[in-house]
Amino acid sequence: MTTIKDEIITGQTALGIEMGSTRIKAVLLGSNHEVIASGSYAWENQLIDGSWTYSLEQVWTGIQASYSELRTTVEAKYDVILTKIGSIGVSAMMHGYLPFSKEDELLVPFRTWRNNTTGEAASQLTKLFNFNIPQRWSIAHFYQAILNQEPHVKRVSFLTTLAGYVHWQLTGEKVLGIGDASGMFPIDEQNHNYDQEKLEKFNHLINVLGYSLKVQDLLPKPLLAGTVAGHLTVDGANKLDISGQLTEGAIMAPPEGDAGTGMTGTNSVKKRTGNISAGTSAFSMVVLDQPLSNVHRDIDIVTTPEGVPVAMVHTNNCTSDVNAWMKMFTEFSQLIGSDLSADQLYAKLFKHSADNGEDDCGGLVNYAYLSGENITDVQEGRPLFVRTPNSHFNLANFIKTQIYSAFAPLKIGMDILTKEEGITTDSLIAQGGLFRTPIVAQQVLADALNTPITVMANAGEGGPWGMAVLAQFVVDKQANESLSDYLDHNVFKNPESSTLKPNTAGVAGYDKFIDRYKAGLVAETAAEKIPDLT
């Protein structure tokens, strides 16, 4: 019988690396898709010269630290040196702007999805294409740089995402998983490539402005899940494993965005399925069985890792404000000599809010906007807590308000999809660290969206695990086997999960909260005038 140690020695393993907004994590899976070892590295984006960014130096510091921790765990737990990996996949937060010159020089600091600075470009392209182009998308960033007459534009030779960049460095291949590519430029569902008609329109538009380039020559090649996307090179192995023990040759999966790994990690790639990821940002993904009837500025059309259209509601803010308040409560806890861990504190406060908080939060309102929010057209981050003189201001309502506000922009966007377009799902699965505390946030989300919400046992770690599964799929895929069939038959045969249905009182209470939330947006907009620290 083959043991885990045997699989490690022979390279029957899959490595998933995901660069999330607050953490880089590496996960190593065995042939049964169970985690053998993992490693992580905490990081935060920085607001530099008015732009949210991460340095590429820190990207590699985090990847190497995560892999090193994983490798050390393997050696300690299984008494074997990790030298060979069967397949590897890289994923990261989607969208943003990483332009390189022909000399492979990064021309401007990485502009992440969090920057609401491309409004003019996004609006013009949406009108030109009759297709929603969000501010986060790579093509919006590129066109805005053209409109701004930024001097670096004429030197651009290659545009990619964060996942595409790391994959390129590990393999030498300028490719991208089709799901991640669909957040760079619109995809044609039929040919699984960038939409040719829209490419021509864009090229004509910039040619008029004096740019003779063809944007398709700058973009990475889209690849479907299960496609071999190159192999780990000697340089790539040394860059990943600074100990020098990892050998080259691992099969590489198409690099994907966190939306694609979220769909994979929750078995939500079939039509009429959907998932929600809640982290620094939040997004819902609903795999469409019919096209939308209208273009909506708050609904993005991206794809699954196999190129099937997905309606995506993306919000720039979700858990950051919750975490900020919890950090302050942790400081108070330490001040009075308590030894509660962060997880214990979350659990106690969340449960208190569920047991004692009012269904409408007692009239309290919170705006969890660490950055601007596209859904509500707020341009700059101003976290704001508001109450009236007659609001019921107590700890339970306050904590409940934080959880309610984390999902508020998502609720507003999802209402467009469900109420205006009539899109329904057979299942909606949630994942993210917010659900590590059982039941509380899951019930709030079910009430907010008025739909049953399922949380799987891997809810806190879906992304990197999902990427490792995509890497394993490249190796295991049978002829004509779809990703959804592979997941059903090999990965999710007996999934651990729990489902909560909406509570009638909770639905009514959340509706009252969201009405107050919308009415108070004028205060949030006015708060943008408060200057930030410099």
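No donor-acceptor distance shorter than 3.5 angstrom exists from the side chain of Glu256 to the backbone of Ala225, with no hydrogens or angles considered. Of the possible donor and acceptor atoms, none in the side chain of Asn115 sits under 3.5 Å from a partner among the backbone N and O of Arg111. Using a distance-only test at 3.5 Å, with no hydrogens or angles considered, no donor-acceptor pair links the side chain of Asp195 to the main chain of Asp188. In this structure a side-chain-to-backbone donor-acceptor pair under 3.5 Å is missing from Ser182 to Val302. Counting only distance, with no hydrogens or angles, the side chain of Asn275 and the backbone of Ile429 share no donor-acceptor pair below 3.5 Å. In this structure, Lys411 contributes its side chain and Ala448 its backbone to a donor-acceptor pair below 3.5 Å. Here the side chain of Thr264 pairs no donor or acceptor atom with the backbone of Gly466 at under 3.5 angstrom. Looking at Thr126, its side chain does come within 3.5 Å of a backbone N or O of Ile133 through a donor-acceptor pair. In this structure, the side chain of Glu420 does not engage the main chain of Asn294 through any donor-acceptor pair within 3.5 Å. In terms of modelled atom types and a separation under 3.5 Å, the side chain of Thr227 and the main chain of Leu223 share no donor-acceptor contact.
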_Would Lys239 and Asp235 count as a salt bridge (charged side-chain N to carboxylate O under 4.0 Å, His left out) here? Give the steps._
CA-CA 6 Å; Lys239 202 157 191 175; Asp235 287 344; over 6 Å; no
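A salt bridge links Arg155 and Glu103; the closest N-O separation between the charged side-chain nitrogens and carboxylate oxygens is under 4.0 Å. Taking 4.0 Å as the cut-off between side-chain N and carboxylate O, Lys270 and Asp488 count as a salt-bridged pair.
Between Asn207 and Ser212, the closest heavy-atom pair is OD1-CA, 3.6 Å. Minimum interatomic distance between Gly89 and Ala253 (heavy atoms only, all atoms of both residues): CA-CB, 4.2 Å. Across all their heavy atoms, Pro452 and Pro502 have their closest contact at N-CD, 3.8 Å. Residues Phe407 and Ala441 come closest through the heavy atom pair CE1-O, 3.7 Å. Summarising the geometry of Ile24 relative to Met19, their closest heavy-atom pair is CG1-CG, 3.8 Å, with the distance given to 0.1 Å. When all heavy atoms of Val153 and Tyr211 are compared, the pair lying nearest together is CG1-CE2, 3.6 Å.
A 4.5 Å side-chain heavy-atom check between Trp113 and Met94 finds every atom pair outside the cut-off.
Between Leu15 and the options Leu232, Ile88, Ile36, a side chain to side chain contact (heavy atoms under 4.5 Å, CB included) holds for only Ile88. A side chain to side chain contact (heavy atoms under 4.5 Å, CB included) with Val74 is found for exactly one of Val80, Asp79, Ile4, Thr13, namely Val80.
Trp52 carries Arg114 over the face of its six-membered ring, with the cationic atom under 6.0 Å from the centre and within 45° of the normal. A cation-pi arrangement is absent between Lys198 and Phe185, since the terminal nitrogen or guanidinium carbon is not both under 6.0 Å from the aromatic centre and inside a 45° cone about the axis.
Using the six-membered ring where Trp is involved, Phe283 and His314 have ring planes that are parallel, under 30° apart on the 30 and 60° scheme.
Between His33 and Trp465, the ring center distance fails the sub-6.0 Å criterion. Residues Tyr165 and Phe110 keep their aromatic ring centres 6.0 Å or farther apart.
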